[in-house]
Amino acid sequence: MPGWADLYAWQVERDNGTPLFRQIYLQVRSAILSRTFPPGTKLPSTRALAQLLSVARASVVAAYEQLFAEGYLLGKIGAGTYISADLPEPVELPRRLSRPTAPRRPAPRPVRDFSEFGDEAAQTDVRPFNPARLLVDARTVEVWRKLSNHALREFDARHLGYSDPRGFIELRTVICEYLRAARAVRCDPEQIIVTSGTQQAIDIAIRVLLDRDDEVWVEDPGYPLTHRALAAAGATVRFIPVDAQGVVVAAGIKAAPRARAAFVTPSHQYPTGVVLSMARRIELLAWARKTGAWIIEDDYASEFRYSGRPLASLQGLDDGERVLYFGTLNKALLPGLRIGYAVLPRPLLRSFVNARCLIDRQPPSLDQMVVAEFMRQGHLASHIRRMRLRYREQRDTLAAELTRRAGHRLAVELPDQGMHLVAYLADGQSDIAIEDAARRNGVVVRPMSRLYKTVRPRSALMLGFAGFPRPLIIPAAARLAEVLEQASRPGRRRALRRARS
Ligand SMILES: Cc1ncc(COP(=O)(O)O)c(C=O)c1O
């Protein structure tokens, strides 16, 4: 079986003044001393190396003989040649090649910024009520396994190479059918790019749409990963307040009338859950049309609507092609999937495809095959139907338990859609203090006040219900109610305040 040494880029030059056997000797010795090949590595046979280098075998034999004589190699020519285990320490590299000492300079801004952006521990916490979690039932797992096995069996030369950076046409076609039917999106498969999820779509949008110093609207409070991606890109972010009708378009026009883009969550504002009213939708589209701004519609978790008619997408209302529609199967199915999609206005298509290609070429072939088949056979639709019922039951259980046990301490808002609910804290309790106390009691809550940037924060807990069956929700809600009770005792509240300050 060939080893790494057979794949090494061995090279010799004819007529460069150094005999061929010596060039081979020097190259092998240098690879040994630099530990490119560690002790014990099997070298190619003299015949194989001679063939590789197109030289006479005698040259390789002469080089190997010298290396044997100097103790670099063990074994016997013709019977396996190995690098000796008993070697001098690697020689010092010449000074000019040694690692330069770093000049005294502050770290670049992105190094500092990115180090502050992550909260991956918050995403992966398995305890209730982490809003990032969701459930997948046995039926979906079973179908997924079956389709994955099938896809592996079908895997052939077509899937081994580079492919369309937009994603396989089979997948874009089923996504397109789904979006037209379920979200009233106006599209054809040509306008769709398969991404690794909303986050990648946001990243591409930022790269493609924004010039240096362009202003951008985001919702306040809003989705922190959009805020962070924009901040990391150095965009001039304008935080626009949200009220009971969604983002306040008039405030946006006042703050930044010439903004290049607006990042919004119309069907279910993150984190408040407010639906963008029809009047605001029309106002937003009119502004975009008039100024040439782009609207980025993040339609996350719109599959899980529990009451009322599902609202059509904002993109479906747009006849001026100002809306970029982003959706994700990471919420509709499972976050580990990492597949989402962007529906793009035609003038942006080429730039988006090229940007996607520069970032990571294309989506993975095997995953695309499985998802396309999963959707084509109707499993996504039935998964959504089953999960919708289940999530609604979990939502109702959580809301009822919290209201029953702690209704005097918080006002629970029952969302019509999505995977988390918001419980507003009464009598000035701090959501951040509750977060700490709850965590010590095995309950995860996200303080909503952290998501406000310029607007006066409201103290509220974001509680995910999608990821936890009822038998987990009930005791966790009881523990949370106990935490709230304890935190409201006067002595305790003073202690919490002291701990915070
Ligand atoms: C507002 C919002 N958009 C999108 C997503 C999904 O992002 P992704 O597809 O990158 O997992 C989430 C997940 O929590 C979200 O809260």
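Just so it is clear, the values below take in all heavy atoms, side chains as well, and ignore hydrogens, waters and symmetry mates. Every number for a ligand or one of its atoms is a count from 1 in the order of the listing.
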Spacing of CG belonging to Asn330 relative to OG1 belonging to Thr195, to within rounding of 0.5 Å: 7.5 Å
Pair Glu219, Thr265: side-chain N/O donor-acceptor within cut-off below 3.5 Å: yes
Give every pair made of an N or O atom of ligand 1 and a protein N or O atom lying under 3.5 Å apart, one pair per line with both atom names and the distance to 0.1 Å, or write 'none'.
from	atom 1	to	atom 2	distance (Å)
ligand 1	3 (N)	Asp298	OD1	3.2
ligand 1	3 (N)	Asp298	OD2	2.6
ligand 1	9 (O)	Thr198	N	2.9
ligand 1	9 (O)	Thr198	OG1	3.2
ligand 1	9 (O)	Thr328	OG1	2.6
ligand 1	9 (O)	Asn330	ND2	3.0
ligand 1	10 (O)	Thr198	N	3.4
ligand 1	10 (O)	Gln199	N	3.1
ligand 1	10 (O)	Arg338	NH2	3.0
ligand 1	11 (O)	Arg338	NH1	2.9
ligand 1	14 (O)	Lys331	NZ	3.4

Residue Arg180 excluded, over 12 heavy atoms near CZ under 6.0 Å: yes
Arg439 bridged to Asp125 by N-O distance under 4.0 Å: yes
Salt bridge (charged side-chain N to carboxylate O under 4.0 Å, His left out) partners for Arg386, two or more places apart: Asp137
Under 3.5 Å side-chain donor-acceptor pair for Asp299 and Ser313: no
